[in-house]
Chemist: 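Take a look at this one; I'll ask things after.
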Amino acid sequence: MKIITATDYQSMSRKAAQIIASQLVLKENSVLGLATGSTPIGIYEQLAAWTKQGDLCFRNAVSVNLDEYCGLPADHPESYRSFMEKNLFSSIDLNPANAHLPNGNAADPNEEARRYDGLVQELGGVDLQLLGLGHNGHIGFNEPGEAFVMDTHVIELSDKTRQANARFFGGDIAAVPSKAITMGIRTIMNANKILLVVSGEEKMDILRRALEGPVTPHVPASILQLHKDLTVVCHPGYGREQ
Ligand code: F6R
């Protein structure tokens, strides 16, 4: 595990963007696992800027997002598809046909979850998976529980997660969908490399528990301790030596 402590959000974003860019330089047809949420916005801005300058090219890349809400139309402003269009896809040269998210409106969400795992396998697996960290230790929408759920699945979102995401729905927790489709723990852990980005003093305690506490489904991100190639870029950090 490598932990990089950044001085501020901008520096965190730039360092993480450099890691993603180097992945693309080394393998232009990389399968990139992408995340939504507020943390990666600065990373996506940086990647978009480098693409605009001609320093980075996504033309041969493929992306698979971690998760999507159930029951929001794809063009709803808060769907993760809309988020990705707005914050990244519209500003880079990734082929839209190669930008994958789970379909949160599939007639059978469980079948859609199985299809998504099949897709990731068909693509040859994820080369680099970008992750944010939930306040409760979730990764993707793998919420704390009694057991790790291995495959992509439909999840009932916890009150804590819906509360945290209410800010995107005008502060109205009732407007936050109650279910989502998320990559499972095995799908995430199968990625060749994982890049975890964590920003904000209020997340440093859960980050420390994830990286140094017991590996437990009560802190889903703690499973990342077992990954063979994990890089954490965080700020302000929690005092651990790099
Ligand atoms: C998003 C996702 C979530 C977020 C996490 C942190 O696709 O899977 O796990 O990464 O909730 O969200 P922010 O960055 O908004 O604090």
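These values consider heavy atoms only, across backbone and side chains, with no hydrogens, waters or symmetry-generated copies. Indexing begins at 1, ligand by ligand and atom by atom, following the structure's order. Residues take their numbers from the sequence shown, with the count starting at 1.
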Chemist: Just verifying a value: how many Å separate Lys27 NZ and Leu128 CG, rounded to the nearest 0.5 Å?
Modeler: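 If I round to the nearest 0.5 Å, the distance is 11.0 Å.
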Chemist: Measure the spacing between OG of Ser90 and CE of Met84 and express it to the nearest 0.5 Å.
Modeler: 10.0 Å
Chemist: As an exercise, state the distance from OG1 of Thr39 to OH of Tyr44, rounded to the nearest 0.5 Å.
Modeler: 10.0 Å
Chemist: Quick check for you: to the nearest 0.5 Å, what is the distance between Thr51 atom OG1 and Leu24 atom CG?
Modeler: 8.5 Å
Chemist: Extract all N/O-N/O pairs under 3.5 Å that connect ligand 1 to the protein, and present each with both atom names and the distance rounded to 0.1 Å.
Modeler:
| residue | atom | partner | partner atom | Å |
| --- | --- | --- | --- | --- |
| ligand 1 | 7 (O) | Thr36 | N | 2.9 |
| ligand 1 | 7 (O) | Thr36 | OG1 | 2.8 |
| ligand 1 | 7 (O) | Asp67 | OD1 | 2.8 |
| ligand 1 | 7 (O) | Asp67 | OD2 | 3.4 |
| ligand 1 | 8 (O) | Asp67 | OD2 | 2.6 |
| ligand 1 | 8 (O) | Gly140 | O | 3.4 |
| ligand 1 | 9 (O) | His138 | NE2 | 3.4 |
| ligand 1 | 9 (O) | Gly140 | N | 3.4 |
| ligand 1 | 9 (O) | Gly140 | O | 2.7 |
| ligand 1 | 11 (O) | His138 | NE2 | 2.7 |
| ligand 1 | 14 (O) | Ser38 | N | 3.3 |
| ligand 1 | 14 (O) | Thr39 | N | 2.9 |
| ligand 1 | 14 (O) | Thr39 | OG1 | 2.4 |
| ligand 1 | 15 (O) | Ser38 | N | 2.8 |
| ligand 1 | 15 (O) | Ser38 | OG | 3.0 |
| ligand 1 | 15 (O) | Arg167 | NH2 | 3.0 |
| ligand 1 | 16 (O) | Lys203 | NZ | 2.6 |

Chemist: Please, which pairs that meet ring-ring contact (aromatic ring centres under 6.0 Å, His included) have at least one residue in residues 155-207, sequence neighbours excluded?
Modeler: Tyr69-Phe169
Chemist: More than 12 foreign heavy atoms under 6.0 Å from CZ of Arg167: is that the case here?
Modeler: yes
